[in-house]
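Written below as structure tokens is the structure these notes are about.
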Amino acid sequence: MLAGGRDRDGLVARMSYVLGDVSPGWLQGVAELVLPLSTPSWDALDIEDLANRIEAHTGFIHGCLADVRPCIRRWILRSAHMHRPPLGLDLLPLPRIDHAQDLAAWLGVSPDDLDWLCADPQRRSHAALHSQHYLFSMRPKALGGVRLIEAPKARLKAVQARILDDLLTRVPVHEQCHGFVRGRSLRGHAQAHAGQAVVIRFDLRNFFASVTAAQVRAVFETLGYAPSVARDLGALCTVLTPAPVLDRMRDDGWLDWHQARSLRRAHLPQGAPTSPMLANLCAFDMDLRLDGLAAAMNAHYSRYADDIIFSGNASLAAAFPRLQAWVGKIAREEGREINHRKTRLMTRATAQTVCGIVVNDGPNMRRDDFDRLRATLHRCALGRIEPPDSLSADEWRQQLRGRIQWAEQLNPAKARRLHALWKRIDWPPITASPTVE
């Protein structure tokens with residue numbers, strides 16, 4: 001039925017063909033099941049939905065109970081094609097990709113290379129590390145523990161950049177999602193909660209690794225891509241952490257149960273260019289529900305990556321236990337988990353911080369952050385330019401410059417004092433990068 005048009009005669013002819021050129025009377029009724037559907041609904045109709053409609057049809061039930069039961073004698077395979085996305089996404093300028101050959105041509109790789117990049121992750125996870133598509137490294141977290149960085153190698157990274165720039169960035173995320181979105185910023189995330197009596201922070205555990213390959217495939221299928229194309233796109237954007245890396249993390253005591261569960265299945269890698277946008281798109285339903293929860297409690301909601309913030313008047317403090325229970329329930333139902341150790345309720349009697357930005361009256365630097373930066377610049381102005389061991393003088397200079405620019409966005413008055421110190425620093429000449437012949 002799905003292998004052609006929606007006209008009655010064509011549907012009956014195809015069904016008769018697969019049954020061996022017979023045409024029982026109930027085929028007309030089965031064909032009429034789909035005639036009232038609109039063209040977009042017909043294009044988006046999947047096998048499971050159609051099967052459920054047929055199974056409930058009286059004529060089909062009687063046909064199955066007859067002496068000569070219907071039996072498939074020939075097959076008509078449905079050609080892979082991109083269907084129309086649902087209303088609201090149907091006008092997006094997405095690339096037309098009907099099948100794997102289209103995908104390979106769009107990505108600028110050969111079909112063999114596409115197969116190699118999309119190789120079965122379960123099998124590849126047991127291959128030697130040098131044959132993996134990713135480089136794996138562990139970086140210490142500020143509050144203890146390590147963060148596993150799974151960075152794609154150059155070839156896969158170029159493919160992922162194409163998927164990000166020419167496909168994913170064209171898809172809108174929830175309006176209260178501020179992280180990794182063009183035109184939105186950390187400052188906007190903080191500004192949404194400035195001057196509120198109560199600010200409550202929740203933290204999502206394993207923000208990238210908790211997003212499964214199945215969720216990523218579902219995003220691409222929702223955008224209209226055929227299941228085979230969505231499967232390949234999902235394989236290009238997910239990774240299954242190799243056993244040697246998991247063993248190293250376990251031996252060093254850095255692998256807890258939650259991380260192990262996430263990393264043992266195909267997931268979004270932290271370090272891939274596509275991961276932030278896909279994580280946001282996979283969190284759309286969660287953002288929608290949490291924003292609705294905030295509206296029901298007369299509060300404000302926003303999210304920046306794994307940082308979830310609610311704010312409102314003093315009554316929100318009394319509703320905190322109920323809010324915490326609802327946020328945890330919604331997160332679990334959406335395949336996420338709240339790290340309750342990082343949950344904070346902040347009133348105006350304390351410094352209300354959102355991702356390190358003080359929001360009691362308006363977005364501002366924390367006093368101790370400003371004092372440390374000013375002291376560092378003062379030492380540099382006195383000629384004591386001492387970059388950390390891991391940074392060169394040039395990298396140290398760029399880092400300090402970036403911190404001053406960040407301070408300028410939050411508090412221009414304070415930033416003027418930092419600029420004055422910056423101008424007094426006698427930096428050494430910038431060293432040229434070595435060239436490779």
Side-chain angles (χ1 to χ4, degrees), residues 40 43-44 79-119 121 133-135 149-175 177-185 188 207-208 211-239 266-285 287 303-305:
D43 291 339
S79 59
H81 68 281
M82 185 173 178
H83 61 77
R84 185 188 295 272
L87 187 65
L89 300 176
D90 53 336
L91 298 180
L92 296 178
L94 300 176
R96 175 90 190 190
I97 304 173
D98 288 327
H99 43 69
Q101 285 188 325
D102 281 354
L103 178 59
W106 180 70
L107 293 173
V109 300
S110 68
D112 287 344
D113 284 346
L114 180 63
D115 289 342
W116 175 66
L117 291 170
C118 296
H133 294 316
Y134 289 82
L135 297 172
I149 303 299
E150 299 170 304
K153 294 180 180 178
R155 201 167 186 182
L156 178 58
K157 186 175 182 179
V159 167
Q160 291 176 343
R162 179 71 192 275
I163 296 173
L164 173 66
D165 295 338
D166 296 338
L167 197 163
L168 295 177
T169 55
R170 301 179 182 184
V171 185
V173 300
H174 193 274
E175 59 185 5
C177 170
H178 292 266
F180 319 112
V181 181
R182 198 171 295 169
R184 304 181 197 176
S185 66
F207 179 64
F208 292 110
V211 180
T212 65
Q215 291 173 302
V216 174
R217 287 197 301 270
V219 168
F220 289 115
E221 288 194 39
T222 300
L223 295 177
Y225 294 104
S228 59
V229 174
R231 184 175 59 250
D232 286 347
L233 285 168
L236 292 170
C237 298
T238 56
V239 65
H267 58 272
L268 286 182
Q270 184 167 355
T274 47
S275 292
M277 193 62 180
L278 282 169
N280 283 338
L281 293 174
C282 289
F284 186 89
D285 285 348
D287 287 331
R303 180 180 61 82
Y304 190 99

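None of the values given here were measured: they were computed from a predicted structure.
- Side chain of Arg184 to main chain of Cys177: a donor-acceptor pair is present (N/O by atom type, distance under 3.5 Å, no hydrogens or angles).
- Note that CG of Leu135 and CD1 of Ile149 are 12.0 Å apart. Values are rounded to the nearest 0.5 Å.
- The heavy-atom pair separating Ala100 from Val229 by the smallest distance is N-CG2, 4.3 Å.
- Minimum heavy-atom separation, Asp232 to Cys118: O-SG, 3.6 Å.
- The shortest side-chain heavy-atom distance between Ile97 and Tyr225 falls under the 4.5 Å cut-off.
- For the atom pair OG1 of Thr169 and CZ of Arg182, the computed distance is 5.0 Å after rounding to the nearest 0.5 Å.
- Using a 4.5 Å heavy-atom cutoff, the side chains of Leu223 and Met82 are not in contact.
- Counting only distance, with no hydrogens or angles, the side chain of Ser275 and the backbone of Gln270 share no donor-acceptor pair below 3.5 Å.
- The aromatic rings of Trp116 and His133 sit perpendicular to each other, their planes meeting at more than 60°, with 30° as the lower class boundary.
- For the side chain to side chain contact (heavy atoms under 4.5 Å, CB included) with Ile163, the qualifying choice from Leu103, Leu278, Leu236 is Leu236, the only one to do so.
- For Tyr304 against Ser185, the heavy-atom pair with the smallest separation is CE1-C, 3.9 Å.
- Here the straight-line distance linking atom OG1 of Thr238 with atom CZ of Phe208 works out to 14.0 Å at 0.5 Å rounding.
- In plain terms, the two heavy atoms of Pro152 and Ala272 that are nearest each other are CD-CA, 3.8 Å.
- Contact of the Glu221 side chain with the Pro227 side chain is registered, since non-hydrogen atoms from C-beta on lie closer than 4.5 Å.
- Residue pairs meeting the side chain to side chain donor-acceptor pair (under 3.5 Å) criterion with at least one partner in residues 158-168, sequence neighbours excluded, are Tyr134-Gln160, Arg162-Asp166.
- A distance of 11.0 Å separates NZ in Lys157 from OG1 in Thr274, rounded to the nearest 0.5 Å.
- Using a distance-only test at 3.5 Å, with no hydrogens or angles considered, a donor-acceptor pair links the side chain of His267 to the main chain of Val239.
- Under a 3.5 Å cut-off, the side chain of Arg231 and the backbone N or O of Leu233 do not form any donor-acceptor pair.
- Among residue pairs with one or both ends in residues 93-105, those qualifying as side chain to side chain donor-acceptor pair (under 3.5 Å) are Arg96-Asp98; sequence neighbours excluded.
- Within a 6.0 Å sphere centred on CZ of Arg170, heavy atoms belonging to other residues, nucleotides or ligands number more than 12.
- When side chains are defined from C-beta on, Leu167 counts as touching Phe220, because their heavy atoms get closer than 4.5 Å.
- Atom-to-atom distance recorded for Thr222:OG1 and Arg217:CZ is 12.5 Å, nearest 0.5 angstrom.
- Atom-to-atom distance recorded for Cys282:SG and Asp287:CG is 11.5 Å, nearest 0.5 angstrom.
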